[in-house]
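Atoms within each ligand, like the ligands themselves, are counted from 1 in listed order.
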Amino acid sequence: MARPAKAKINLDALRHNYNVACNIAPDSQAVAIVKANAYGHGAVETVKALQEHAPVFGVACIEEAMELREAGIEQPILLLEGMFSASEVAVAQQQGFWVAVGSRAQIEMLTHAKAGQPLKVWLKLDTGMHRLGVQPHEAVTLYRLLAESDNVADAIVLMTHLACGDELERPQTDTQIQCFDETLAAIKDVADELGQTVETSLANSAGTMAWQDCRRSWVRPGYMLYGGNPFGHSQESADQLQPVMNLLTAVIALRDIAVGECVGYGANWCAQRPSKIATIAMGYADGYPRVVKTGTPVLIHGERVSIVGNVSMDMITIDVTDIADVQLGDEVMMWGEGLPVDEIAACAGTIGYELLARMPTRVPRIYVGG
Ligand SMILES: Cc1ncc(COP(=O)(O)O)c(C=O)c1O
């Protein structure tokens with residue numbers, strides 16, 4: 001029998017979640033964000049499962065886009081960080097990639113490049129996140145540079161990214177929308193003059209689910225496709241999502257220990273009652289966070305039990321004293337249906353995005369749902 005650690009990926013749940021995004025934003029088109037190996041779910045399989053639904057896929061860089069092309073994906077692929085060098089323009093032209101550009105340097109790479117197939121361009125505007133994007137005061141000039149270039153296709157998309165879309169009480173999103181709309185109005189004047197149209201995009205998952213005014217020409221859901229809830233609390237749309245990844249393993253050893261006996265590296269959990277300890281094949285080398293403390297839940301026989309002691313590289317110990325008839329080989333769920341990855345992330349002081357995106361290749365992905 002193979003080592004039982006595995007990530008079961010439910011492609012029906014993925015499609016369900018994509019449909020949730022589309023239903024929330026029926027007047028928008030939805031770019032399915034599949035960067036970082038589709039947040040750890042396997043980019044090629046994820047794209048194949050969504051191919052008949054999503055018009056475009058979003059990745060971080062050309063290497064991620066090429067992986068999809070090499071797997072036979074022919075749809076447009078949006079490079080969310082654009083080109084890292086002038087040579088990437090030619091590749092984008094050959095492959096028909098769409099490019100997000102967020103600086104004068106990137107824009108000049110494109111406008112100065114040898115003529116080729118005109119590219120669909122997303123002009124990224126910094127409306128307050130201050131990470132990437134052109135500044136509002138230079139946006140009109142840079143838009144004109146793009147719009148007048150033969151290397152750029154009509155209908156440039158003005159895009160921005162939200163810093164705090166997942167925090168509904170904070171003012172930043174409204175401020176970003178206002179900045180976006182003021183800049184858009186000025187850009188539209190130039191577009192009218194040139195006989196061009198401007199498309200728009202503001203929303204990531206949180207923006208799609210919670211900020212109606214962010215549902216423009218395009219939405220860009222990522223985390224929600226995988227069933228993640230970015231809000232950290234119940235939310236009408238997020239509650240409709242289904243987890244796509246079930247991180248599973250099984251019991252590989254069982255023992256009874258007496259009061260006072262301690263478990264695992266550092267011997268930092270000691271039994272206060274006669275206890276049954278199950279060892280499971282899962283550890284930090286499988287992407288499970290070492291930092292979690294005793295008390296972090298896993299599911300066995302559909303019941304929550306607690307991790308006890310330190311997470312090791314390949315193993316974790318759990319207290320199954322209260323669960324009847326635990327056997328070697330019994331399945332254990334680390335996160336997934338009934339145990340949201342967001343909850344485990346909170347135990348680890350991080351976000352579910354990180355746990356999913358850094359899931360190592362050592363954990364085999366098993367795809368279900370065709
Ligand atoms: C530009 C851009 N759009 C959309 C997304 C998707 O965000 P989320 O996973 O929160 O939906 C990301 C991810 O970080 C991004 O960088």
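- Annotation: side chain of Met245 is not in contact with side chain of Tyr226 (no heavy-atom distance under 4.5 Å).
- The protein non-hydrogen atom at the shortest distance from atom 10 (O) of ligand 1 is Tyr353 OH, 2.6 Å.
- With ligand atoms numbered from 1 in the order given, ligand 1 contributes 8 (P), 10 (O), 11 (O) to contacts under 4.0 Å with heavy atoms of Ser205.
- The pair Glu343-Arg304 counts as a salt bridge, with a side-chain nitrogen and a carboxylate oxygen less than 4.0 angstrom apart.
- Annotation: side chain of Val134 is in contact with side chain of Ile107 (closest heavy-atom distance under 4.5 Å).
- Close approach of ligand 1 to Tyr39 (heavy-atom distance below 4.0 Å) involves ligand atoms 6 (C), 7 (O), 8 (P), 9 (O), 13 (C).
- With a heavy-atom cut-off of 4.0 Å, Met224 does not touch ligand 1 at all.
- Looking only at protein heavy atoms, the nearest one to atom 14 (O) of ligand 1 is Lys35 NZ, 2.9 Å.
- If you run side chain to side chain contact (heavy atoms under 4.5 Å, CB included) between Phe97 and each of Leu119, Leu78, Val59, Ile77, only Ile77 comes through.
- Every atom of ligand 1 is numbered from 1 in the order shown, and the set under 4.0 Å from a heavy atom of Tyr223 is 8 (P), 9 (O), 11 (O).
- Cys22 is not listed as a side-chain neighbour of His53, based on a closest heavy-atom distance of 4.5 Å or more.
- Annotation: atom 12 (C) of ligand 1 to nearest protein heavy atom, His161 CE1, 3.6 Å.
- For Arg215 and Asp27, the salt-bridge test fails: no basic side-chain N is under 4.0 Å from an acidic carboxylate O.
- Checked for salt-bridge contact, Lys120 and Glu199 meet the test: a charged N lies under 4.0 Å from a carboxylate O.
- Using a 4.0 Å cut-off between heavy atoms, Arg220 contacts ligand 1 through both its backbone and its side chain.
- Looking from atom 7 (O) of ligand 1 to the surrounding protein, the closest heavy atom is Asn204 CB, 3.4 Å.
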